[in-house]
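Both ligands and their constituent atoms are indexed starting at 1 by order of listing.
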Amino acid sequence: MDLYGSLKKIFGFNQFKGLQEDVVNSILSNQNTFVIMPTGGGKSLCYQLPALMKEGTAIVVSPLIALMKNQVDAIRGISENPGIAHVLNSSLNKTEVNQVKTDIQNGVTKLLYVAPESLIKEEYVEFLRQQKISFVAIDEAHCISEWGHDFRPEYRNLRNIIKQIDNVPIIGLTATATEKVQEDILKTLGMSDANVFKASFNRANLFYEVRPKTKEVEKDIIRFVKQRPGKSGVIYCLSRKKVEEIAQVLQVNGINAVPYHAGFDAKTRARHQDMFLMEECDVVVATIAFGMGIDKPDVRFVIHHDIPKSLESYYQETGRAGRDGGEGHCLTFYSYKDIEKLEKFMANKPVAEQEVGHALLQEVVGYAETSMNRRKYLLHYFGEEFDDVNGPGADMDDNMRNPKKKHEAQDEVVKILSVIKKTNEMYKPKELVNTMIGKENAILKSHKTTEQPFFGIGKDKDEHYWMALIRQILVAGFIRKEIEQYGVVKLTKEGKAFIDAPTSFMMTENHIYETDDDGTI
Ligand code: ADP
């Protein structure tokens, strides 16, 4: 049967979505293939269809047991033979494992889902190398990279295992699109020759907005939700405690909200999730435990009470809005204190992991504080160029609708960079700010900084100004924070050059939102 016939017969679809057809053809012609598509882009079909069409069994490596089960059930639903798809993992008993093996040997099984830790087992490797394998698909391939947001050491060894099984094509699939992660995946899987298919990550119907997080944040949220009566939304918080607090505040204010986090028992979680899906409530207040695999098409807003720890997470979570193509407002409350909180959480992790964590956070800070087109910033992060004048959704963010004021801060940048240099690059931002405004403390006294002629050189501005400027020159690449030294600020090559030959530096003023903001976009 031809490709479209199979698509129709097996999945009931008349058309391929996006790049699916090209991907399927690449796999059918036995080439290594790398697929980067945002969540919901239709990645599963890319390997399921060729697996069902090709001779032999396709091995699908996936980290999430629950999702594997769903997929196997879905595939079984389209066939008369339940042996067409199997999961192989440690929960199977001997009889079940034997059934799986028999089905594979008899050529019945087209898709075999395995967790990476099961695939490593000698017994399975030995068995699989004697079978006809069509290809190996590696789902959530970013788990292979330490630069991804979900690194899993078991993924590192996959290349070797696959080589032992057979010399078959490899298909990597992910929704994480940064250059670094992509390179890592191709290198680690030994497939630099792969055909690469990358779909656009632009979600043109989403409106991106970042507001300063003040003491009024709860009032802001209530006002925002009340302006959208009957609309579905998700509010993400960092902690379970906050989830419960916010849910309660909303309920007291007449908003139909339920809390959701991993601390509730399975029954309560399922009930609250169902209430949301069935529209018995409007709003779910949740930790990131909510959302994996939920697919409600008409979520009209996603609010981040706390900013996520990476732009990947931000993209995933905001991506749950507007899946039907309709309105989707993504509102994030941002305060630098929250970044420091996230940094503190990382303090006990191994240094290498901290380094990655800080770099990811720095991108979040950059995004939150940028005055440029947010969609452009986000897509640039995912390695995609975006035309911020004519591109789809070009005016759909707060910076474009309501531009932030900027002013020339060349002299101030020279001042702060010179102070960093003259204090021998030994201070953290807080000490630097105190030096600028001339505020004494024990550390500054012990290094005799308080006696220096430059102590208090920036007295004409307040501490908030200097802290904001430090963050902006950090994002601009003039300074970096030394992780091993707990955030001590160092000058970069660019920073040193700026002192000698200063150029224009437009500092963005903090966006102050009017309290009578009517919330429309
Ligand atoms: P991903 O794994 O990329 O997040 P999925 O494979 O779960 O995406 O697919 C997302 C949705 O798109 C599913 O509901 C799926 O049924 C649907 N879908 C996939 N391919 C097609 C197609 N060719 N035509 C219509 N719908 C499709």
What protein heavy atom lies closest to [atom]? Include the residue and the distance to one decimal.
atom                    : answer
atom 10 (C) of ligand 1 : Gly40 O, 3.6 Å
atom 14 (O) of ligand 1 : Asp295 OD2, 4.7 Å
atom 24 (N) of ligand 1 : Phe13 CG, 3.4 Å
atom 17 (C) of ligand 1 : Lys17 NZ, 3.8 Å
atom 8 (O) of ligand 1  : Gly42 N, 3.1 Å
atom 20 (N) of ligand 1 : Gln20 NE2, 2.9 Å
atom 6 (O) of ligand 1  : Ser44 OG, 2.6 Å

Could you label the plane-to-plane angle of the [X] and [Y] rings as parallel, tilted or perpendicular, counting under 30° as parallel and over 60° as perpendicular?
X      : Y      : result
Phe224 : Phe301 : perpendicular
Phe207 : His329 : tilted
Phe13  : Phe11  : parallel
Phe201 : Tyr315 : tilted

Q) Do any nitrogen or oxygen atoms of Leu45 come within less than 3.5 Å of a nitrogen or oxygen of ligand 1? A) no
Q.
Between Glu384 and Ser200, is there a side-chain donor-acceptor contact under 3.5 Å, judged purely by atom types and distance?
A.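 There is such a pair (donor and acceptor under 3.5 Å, judged by atom type) between the side chains of Ser200 and Glu384.
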(Q) Can you confirm whether the side chains of Glu369 and Tyr334 place a donor and an acceptor under 3.5 Å from each other? (A)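 Result is yes, a qualifying pair exists.
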Q. Got a protein heavy atom sitting under 4.0 Å from atom 12 (O) of ligand 1?
A. yes
(Q) Quick test of your reading: applying side-chain hydrogen bond (donor to acceptor under 3.5 Å, both in side chains), list the pairs with at least one residue in residues 75-91, sequence neighbours left out, ordered by first then second residue. (A)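 Output for this query lists Arg76-His86, His86-Asp103, Asn89-Ser91.
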Q) Can a non-hydrogen atom of Met37 be found less than 4.0 Å from any atom of ligand 1? A)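 Contact absent.
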Q: Mind checking side-chain hydrogen bond (donor to acceptor under 3.5 Å, both in side chains) for Ser44 and listing every partner two or more places apart, or none if nothing turns up?
A: Gln71
Q. Just which atoms of ligand 1 are under 4.0 Å from any heavy atom in Gln15?
A.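 That gives atoms 22 (C), 23 (N), 24 (N) of ligand 1.
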Q. Does ligand 1 have a heavy atom under 4.0 Å from the side chain of Phe16, from its backbone, from both, or from neither?
A.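 Only the backbone of Phe16 comes within reach of ligand 1.
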